[in-house]
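Worksheet for the structure shown next.
Hydrogens, waters and symmetry mates play no part in the numbers below; they use all other heavy atoms, side chains included.
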There are 2 protein chains.
Amino acid sequence: MVTIKDIAKALNLSPSTVSRALRGSYEINPQTKQLVLDYAAKMHYYPNPIALSLKGSKSKAIGVIVPEIAHSYFSQVINGIEEVAYKRGYHVVIFQSLESYEREVISIENMMARRVDGVLISISSYTIDFAHLQKLRDNQFPVVLFDRITDEIDTFKVVADNFAGAFAATEHLISTGRRRIAHITSLPWLSITQERLEGYKSALAKYDIAFDESLVKYCSFDAGEITMAIKSLLALTDSPDAFLSMADRLTLSCLTNLKEMGINIPTDISLVGFSNLTVAHLLDPPFSTVVQPAFETGQTAAQLLLDWIEKKDKNVDFNTKKLPMKLLIRKSSQL
Amino acid sequence: MVTIKDIAKALNLSPSTVSRALRGSYEINPQTKQLVLDYAAKMHYYPNPIALSLKGSKSKAIGVIVPEIAHSYFSQVINGIEEVAYKRGYHVVIFQSLESYEREVISIENMMARRVDGVLISISSYTIDFAHLQKLRDNQFPVVLFDRITDEIDTFKVVADNFAGAFAATEHLISTGRRRIAHITSLPWLSITQERLEGYKSALAKYDIAFDESLVKYCSFDAGEITMAIKSLLALTDSPDAFLSMADRLTLSCLTNLKEMGINIPTDISLVGFSNLTVAHLLDPPFSTVVQPAFETGQTAAQLLLDWIEKKDKNVDFNTKKLPMKLLIRKSSQL
DNA sequence: TTGTAAGCGTTATCAT
DNA sequence: ATGATAACGCTTACAA
C-alpha cells in the first residue's frame, strides 16, 4: 500500500506538498502537481480512508438497521440504499434487529462505536421506547426513519402511502361487491398498522359500510396466531367475504391457511394482500397485491440522509416523504 | 465521545496507563485498573475503531460481493454472513456486481481502498478473467469464494453440492417415468452450470437414457431468450416431457411461459427447478424445488474467512466445502 | 507500576 | 510554491 509519505520520499517532496497536489487544493506548481499525479497513478495510490476518517471524524459509512435482510421488502430497500450510497462514495453497514428491541439498541451502539456518519432505520416491531434514537438526535446525529416510523422522533421520515394503499385495496374489494372485509394486520402500535387501518376504515365509511371491530385481527410473529385469527373470523355468524392482509408474512399465511381449509379463492373469499413478492402473479390463484415502493424508499431515505450529513449548516427542516403504493389486481380478488 | 486522553486527564494518569488498564495487558495496579474501568464505564467509553484500524492496520470489516442483493438466494446468504460476522465483532460491507465484470472489479478496488480485512465473493456471470482476484491472492489477501467459484483461484471455497442436487432432481423425474428431460441452465462457463449439467448427465447415464444435446439450453439474462429456448424445445419432434431449470430466474420464467402457453403441469410437462423462494409451495402448481443451503453457505464462508484473517501463521491449507442440497418434491413433478 | 514518545496516514496551520 | 509541525485516538517500546 503506497502512502503519501512514500510518494514524497520518492519524489523528494514533503508530504504536505504531495497531499496538496493530490487534492489540487493550494496553488501548486503545475509541474509538481503533474509529477505527483502521474507517480501516484503509476503506483496505484489510494488515499487511506481510515486515516481520513481519523482526521476528519467522518467515516463515509452509513448504518442501516432493518428487521430482517432476507425479506423481499427489506432486501429491495437495501438495494435502493446501496445504489445511492455507492454512487456518493459511502459504504453501507447493515444490521438486522430481528424484530428485537434489545438487538436494535445493541446495533445502534455498535454503529456509533463504528462511527458511522448517519443511520437509516426501520424500527423493530417490539420497539416502543425510543430513547436510543432520541439520544442520537439530541446529539445532532443524523437519523432517517423509513417504513416503520414514530411520531416521537422529530426527523426525516420516508414512508409508503399506507393510508392510500389500504384505501385503494378496500375500495377495490367493495367495488366487487364485498361488504364483510376482514383486516388482518400486524402489531397495533406500529405506524404502518395504524395508517393502514385508517385507510381501510375510511374506504368503508365512503361506502357507508359500518366498521366492525370483530373483523380486525392483530397478529404477532407467532405463526399459530394467524391460523387462530383466521379460524375465529370464519366462525363468525356473519363471516367475512374478503380478507385484506397488511404484511407479507400475513398475506402468505392467509393464503396457506385458506387453501388448507379448502376455501375457494376468490369465489368464497376474496384476497388482497400487502406484499413485495415478485412472484405474486405465479401464486395459486394469482394474487392481488398492494406493492410498496421498496427500492424508491431506500433511494429516497439514503438521499435524505446523505444530503443531511453533507450539509454545512445544521439547520434542517424535517419532513416526511410519502411514496405512492401500487395496487395490482389479480385473480384472487376478481369476481 | 470520550477518549482515552479524556479519561487520563480526569484521573490524573497517562494515556498509556489508561490504555493498559482498559485492556488489562500489563501488570497494572489493580486499584488503578478498577478506577479506570469504572470511570470508563460511567462515561460510556468506547474505543474508537478507526484509530484502532489506523494503528493495527486491520479494519474489522469484511467485504461481500454478490451479483444482486434483492434475490432470495443471496439475501439468505448475506443473512448467514451477517450472523457470523456480527457475533465475531466484524461488520459487513456489501457490494453488488449486478452481473457486471466491470462493477465487480470496481467493487474490489473500492473494498481494498476501504481496507477490508477480507473478501467474500460469488463471481458475476460475466467474469471470465480473474486477475483482480488473483492479484489479491498474490498479496496474501484472504478471499473466500462461494456459490459461483473458479478453478483459477486457489483458495477456500464454499459451494452447494450442485452435482448431487441436479442428480437427485433428474433421478426423481426419471422415476416418475419422464425420459425427455430438458435442461434449462445459465451461462455455460459458470462453475454451477457445469456441475449441474454433470449431475444431470450422470443421472441419465445411470438409467441408460441417452444424453441429447438439443435438450440443453443455456440462457443469458435476456428475458426473451428463455422464451425462445422454451419454444424451440417444444417445437422439437421428440419434445420434452419434463423441464429442469437450474436457477431461480429460469425456474420462474419457465413456469410463467408454460402457463401462458396453456401447458398442463405436470400432466403434459413436469417441472423441477433450482430455487430458494420461500413460497414455492404456494405457486400454481406447488413447485418442486432443489433448495440451496443459502444461509449455511453464508455462515460457512464467513467462518472460514474470519478464521483465516485471525490466524497467526499464514500457512493455510485450502479446501472446498460442499454443502448438501435439498430436493423438495411437490405437485409440479408428481404424476 | 507508571509515564514518555513515536507512529499509523492524512491534512490544516503556520512558517519560509 | 513548498516545507515543518501538530493533531486525530490509540498502542507500544523504552525509560523512569
Side-chain angles (χ1 to χ4, degrees), chain A residues 1-40 43-61 89 110-117 312, chain B residues 1-41 43-61 89 109-117 312:
Chain A
M1 278 294 151
V2 197
T3 73
I4 283 195
K5 283 185 187 172
D6 298 331
I7 300 179
K9 202 163 293 172
L11 264 35
N12 247 312
L13 290 166
S14 80
S16 18
T17 307
V18 174
S19 171
R20 286 192 284 251
L22 250 17
R23 59 189 46 258
S25 54
Y26 271 66
E27 20 239 321
I28 286 262
N29 181 332
Q31 284 147 49
T32 319
K33 185 169 167 181
Q34 203 47 55
L35 189 72
V36 171
L37 254 25
D38 288 348
Y39 188 76
M43 301 300 287
H44 296 106
Y45 167 80
Y46 285 105
N48 182 331
I50 293 169
L52 250 17
S53 295
L54 186 58
K55 186 104 246 288
S57 61
K58 53 182 84 275
S59 62
K60 284 274 189 173
N110 225 306
M111 288 183 166
M112 298 322 292
R114 291 246 167 230
R115 308 301 199 267
V116 293
D117 295 335
K312 301 291 167 217
Chain B
M1 279 292 151
V2 197
T3 73
I4 282 194
K5 282 186 187 170
D6 299 330
I7 299 179
K9 202 164 292 172
L11 264 36
N12 247 312
L13 290 167
S14 81
S16 29
T17 308
V18 175
S19 169
R20 288 193 280 252
L22 250 19
R23 59 187 46 259
S25 54
Y26 270 66
E27 21 239 320
I28 287 265
N29 182 330
Q31 285 147 46
T32 319
K33 182 170 168 180
Q34 202 50 53
L35 189 71
V36 171
L37 254 24
D38 289 348
Y39 188 77
M43 302 300 287
H44 297 107
Y45 167 80
Y46 286 105
N48 182 330
I50 294 170
L52 250 17
S53 295
L54 186 57
K55 186 102 247 289
S57 62
K58 52 179 86 274
S59 62
K60 285 271 188 178
E109 283 172 1
N110 223 306
M111 288 182 165
M112 299 322 292
R114 289 248 168 227
R115 308 302 200 267
V116 294
D117 295 337
K312 302 290 168 219

Check if the side chain of B:R115 and the base of C:dG9 share a donor-acceptor pair of N or O atoms closer than 3.5 Å. no
Please tell me which of A:S16 and B:Y45 maps to the more 5' nucleotide of DNA chain D, matching each residue to the nucleotide holding its nearest heavy atom. A:S16
Using whole Å, report how far NZ of B:K9 lies from P of D:dG9. 11 Å
Say whether, by atom type as modelled, one donor and one acceptor occur between the side chain of A:S59 and the main chain of A:R115 under 3.5 angstrom. yes
Base, sugar-phosphate alone, or nothing: which one does A:I50 contact when heavy atoms must sit under 4.0 Å apart? nothing
Looking only at non-hydrogen atoms, find the nearest pair between A:L52 and A:P47 and report the distance. CD2-CB, 3.9 Å
Shortest side-chain distance from A:I28, nucleotide among C:dT4, D:dT2, C:dT1: D:dT2
In whole angstroms, how far is the C1' atom of C:dT1 from the CD atom of B:Q34? 17 Å
Can you see which heavy atom on A:K58 is nearest to which on A:D117, and at what distance? CA-OD1, 3.3 Å
What integer distance in Å separates B:I7:CD1 from D:dT11:C1'? 15 Å
Nearest to the side chain of A:R20, which nucleotide is it out of D:dT2, D:dT12, C:dT10? D:dT2
What is the distance, to the nearest angstrom, from the CG atom on A:L52 to the P atom on D:dG9? 15 Å
Could you give the CG-to-P distance, from B:N29 to C:dT2, as a whole number of Å? 4 Å
If you compare all heavy atoms of A:L11 against all heavy atoms of A:V36, which two are closest, and at what distance to 0.1 Å? CD2-CA, 3.9 Å
Using a distance-only test with no angle check, is there a side-chain donor-acceptor pair under 3.5 angstrom linking A:S19 and A:S16? no
Nucleotide of D:dT11, D:dG3, C:dT10 approaching A:N48 most closely (side-chain heavy atoms): C:dT10
Closest to the side chain of A:R23, out of D:dT2, C:dT11, C:dG9, is C:dT11
Using only modelled atom types and a 3.5 angstrom limit, is any donor from either the side chain of A:T32 or the base of D:dT2 paired with an acceptor on the other? no
Heavy-atom nearest pair, B:Y45 first then B:L22, reads CE2-CD2, 3.6 Å
Between A:S53 (side chain only) and B:I50 (backbone N and O only), is there a donor and an acceptor less than 3.5 Å apart? no
With a 4.0 Å limit, can you tell me whether A:S14 has a side-chain N or O closer than that to the phosphate oxygens OP1/OP2 of D:dG3? yes
When rounded to whole Å, the CG to P distance for the pair A:L13 and D:dA4 reads 11 Å
Axial bend angle, the helix from C:dT1-D:dA16 to C:dT16-D:dA1: five-pair end segments, nearest 10°: 50°
Take the protein atom CD1 of B:I4 and the nucleotide atom P of C:dT4, then report the distance between them rounded to whole Å. 15 Å
Contacts of A:D38 meeting side-chain contact (heavy atoms from CB on, under 4.5 Å) (sequence neighbours excluded), chain-then-number -> A:Q34
Which atom names give the shortest non-hydrogen contact between B:A8 and B:P15, and what distance separates them? CB-N, 3.7 Å
Write down the protein N/O and nucleotide N/O pairs, taken from nucleotides 6-8 of chain D, whose separation is under 3.5 Å; answer none if there are no such pairs.
residue: D:dC8; atom: OP2; partner: B:K5; partner atom: NZ; Å: 3.2

Could you check whether the side chain of A:S19 and the base of C:dA12 have a donor-acceptor pair of N or O atoms closer than 3.5 Å, going by distance alone? no
Scanning both residues in full, the closest heavy-atom pair of B:K60 with B:G89 reads CD-O, 3.8 Å
Taking atom P of C:dT10 as reference, at what distance in whole Å does atom CG of A:L22 sit? 8 Å
